[in-house]
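Note that the structure is a prediction, hence the values are computed from the model and not measured. One-based numbering, in listed order, for ligands and for the atoms of each.
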Amino acid sequence: MAVRRPGFYNQIMLPDKPREECGVFGIYAPGCDVAKLTYYGLYALQHRGQESAGVAVANGDKVQLYKGMGLVAEVFAGDQLDGLQGHLAIGHVRYSTTGASHPVNAQPLLFRYVGGMLGLAHNGNLTNVTELRSMLMATGAVFQSSTDSEVIVNIIARSAQNGLEEGLVKSMIDIKGAYSLVIITENKLVAVRDPNGFRPLCLGSLGDGYVIASESCALDTVGAKFIRDLQPGEIVVISDKGLESIQVLKPRKRAHCIFEYIYFARPDSIIDGYNVNKVRREMGRVLANEYPVEADVVIPVPDSGTAAARGYAEASGIPFEEGLMKNRYIGRTFIQPNQQIRDLGVRLKLNPVREVLNGKRVVMVDDSIVRGTTSNKLVAMLRECGVREVHMCLSSPPITNSCYYGIDTSNEKELIAAQKSLEEIRRSIGADGLHYLSLEGLLDIFGEDRNNFCTACFNGSYPIEIAKPKDTGKYSLE
Ligand code: AMP
């Protein structure tokens, strides 16, 4: 039986290591049950974070918050939402993959500042957080957690003597890195996207109101109509005066996270003009052209490899089959904090369909290899089912560099492609063939937008500082 950890209202707890990979949601819709809609929005964004969830609602006078550890449905399993009445709300789901998870890092964060109450939910990682925290501490600031989100709140609060908007504009000059934010006060909903547009953030309409979400799938879920993505460097303020957009900083070179398309986002979302499913399918088609093999079936590692496997099958003419069954009730195995549990996790999550596999030459498609745990276990599983050949295809280039902007690609010592050659990886996962999608092939999918992405995890080309390039060499092996 699942252990339910209770939610809490604004408790002060001890810090732990923050790793933000989250989903944010905001709504301004007088006359609607905004708490419930935020709950549904977070449900749609659950894939972006399974560790904690929270909702803050404002009614013109005050902001109320409820948050806790666990899945959205676990945190709000009782009547907590009934106590959250108002006409605007924000919500957050958090994903952390290392260290103990702790309630202190659950969001939204809620504070009092010079202008009243301020709640904030953040997706992304700042790159100058250590510097900013030291500067704030030197002038007497105190922190409950070690999250960079709390640093953002402090920076905003300090600059907001003449109003929140001015505070935000000033803060965006100091804060560096990846941040998609939703902010709530007693009567305003604010959304902010960093000047590079690392993490997604979009705007929709709901009747006379507005909705903000990390991904458009959350707009669909609450019945909102997609209007547009927020521009990099844009602030959107929604209040009883309507919607105001402030283009604070000139957008820098766009650096949308390409890994959102590869793995992180939901296939039904449209992010910065591209449907995730369509992009993934195209990745599979490119894979098939780059790595044509003689095989009997193409199977995906569900769900992350499904769209690319379909693309591979379409382009190659090799039949698509479901060779691995996923237990839908198990969360992402990657999230488990130690290797032994991760190993077991793969078996709990995926089981082979012997009839599809026995005696076959198989192309197995997944989105990526991080540490190599999943592919190693899966290749062994396939062999146990009498598979004759396994060709492992990845719809991403080798991940050789850590991400500092909000995706947990673990540290470089753990990244198998940073440590081993392609041939060594092939041998270590036990496949007959191994092919990673080339970076060129990946970028070609986006045509003239090809320069609008952050590809640091593949080539070490960091859009903001932290440059540490590495040569990954060849891409394919048979
Ligand atoms: P690994 O088993 O460590 O090689 O991880 C690879 C698996 O984790 C693949 O099946 C991916 O779908 C998934 N994955 C890739 N990147 C991430 C990430 N940043 N967070 C969680 N899961 C991931």
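- Only the side chain of Asp367 comes within contact range of ligand 1, with a heavy atom under 4.0 Å; no backbone atom does.
- A donor-acceptor pair under 3.5 Å is absent between the side-chain atoms of Arg280 and the main chain of Ala308, judged by distance alone.
- By the side chain to side chain donor-acceptor pair (under 3.5 Å) test, Glu322 pairs with no residue at all, sequence neighbours left out.
- Backbone and side-chain nitrogen or oxygen atoms of Val370 are examined, and one is located within less than 3.5 angstrom of a nitrogen or oxygen of ligand 1.
- Between Phe458 and Tyr436, the ring center distance fails the sub-6.0 Å criterion.
- Interface atoms of ligand 1 facing Ile407, defined by a heavy-atom separation under 4.0 Å, are 19 (N).
- The distance from ligand 1 to the heavy atoms of Phe259 drops below 4.0 Å at these ligand atoms: 16 (N).
- Counting non-hydrogen atoms of neighbouring residues, nucleotides and ligands closer than 6.0 angstrom, the NZ atom of Lys36 reaches no more than 12 such neighbours.
- Short contacts between ligand 1 and Tyr95, defined as distances under 4.0 Å to a heavy atom of the residue, involve ligand atoms 20 (N), 21 (C), 22 (N).
- Of all atoms in ligand 1, listed by their number and element, those nearer than 4.0 Å to a heavy atom of Gly372 are 1 (P), 3 (O), 4 (O).
- For ligand 1 and Ile369, the ligand atoms under 4.0 Å from any heavy atom of the residue are 4 (O).
- Distances below 4.0 Å separate heavy atoms of Ser368 from the following atoms of ligand 1: 6 (C), 9 (C), 11 (C), 15 (C), 16 (N).
- Set against the non-hydrogen atoms of Ser304, the atoms of ligand 1 under 4.0 Å away are 12 (O).
- Aromatic pair Tyr66/Phe76: ring centres closer than 6.0 Å.
- Geometrically, ligand 1 and Ser375 share no nitrogen or oxygen pair separated by less than 3.5 Å.
- At a threshold of 4.0 Å, the pair Arg427-Glu424 does not count as salt-bridged, since none of the basic side-chain nitrogens sits closer than that to a carboxylate oxygen.
- Using modelled atom types, no side-chain atom of Arg199 and backbone atom of Asn123 make a donor-acceptor pair closer than 3.5 Å.
- Partners of Glu321 under the side-chain contact (heavy atoms from CB on, under 4.5 Å) rule, at least two apart in sequence or in another chain, are Val297, Ile299, Val356.
- Within the set Leu415, Asp366, Ile416, the minimum heavy-atom distance to atom 10 (O) of ligand 1 is found for Asp366.
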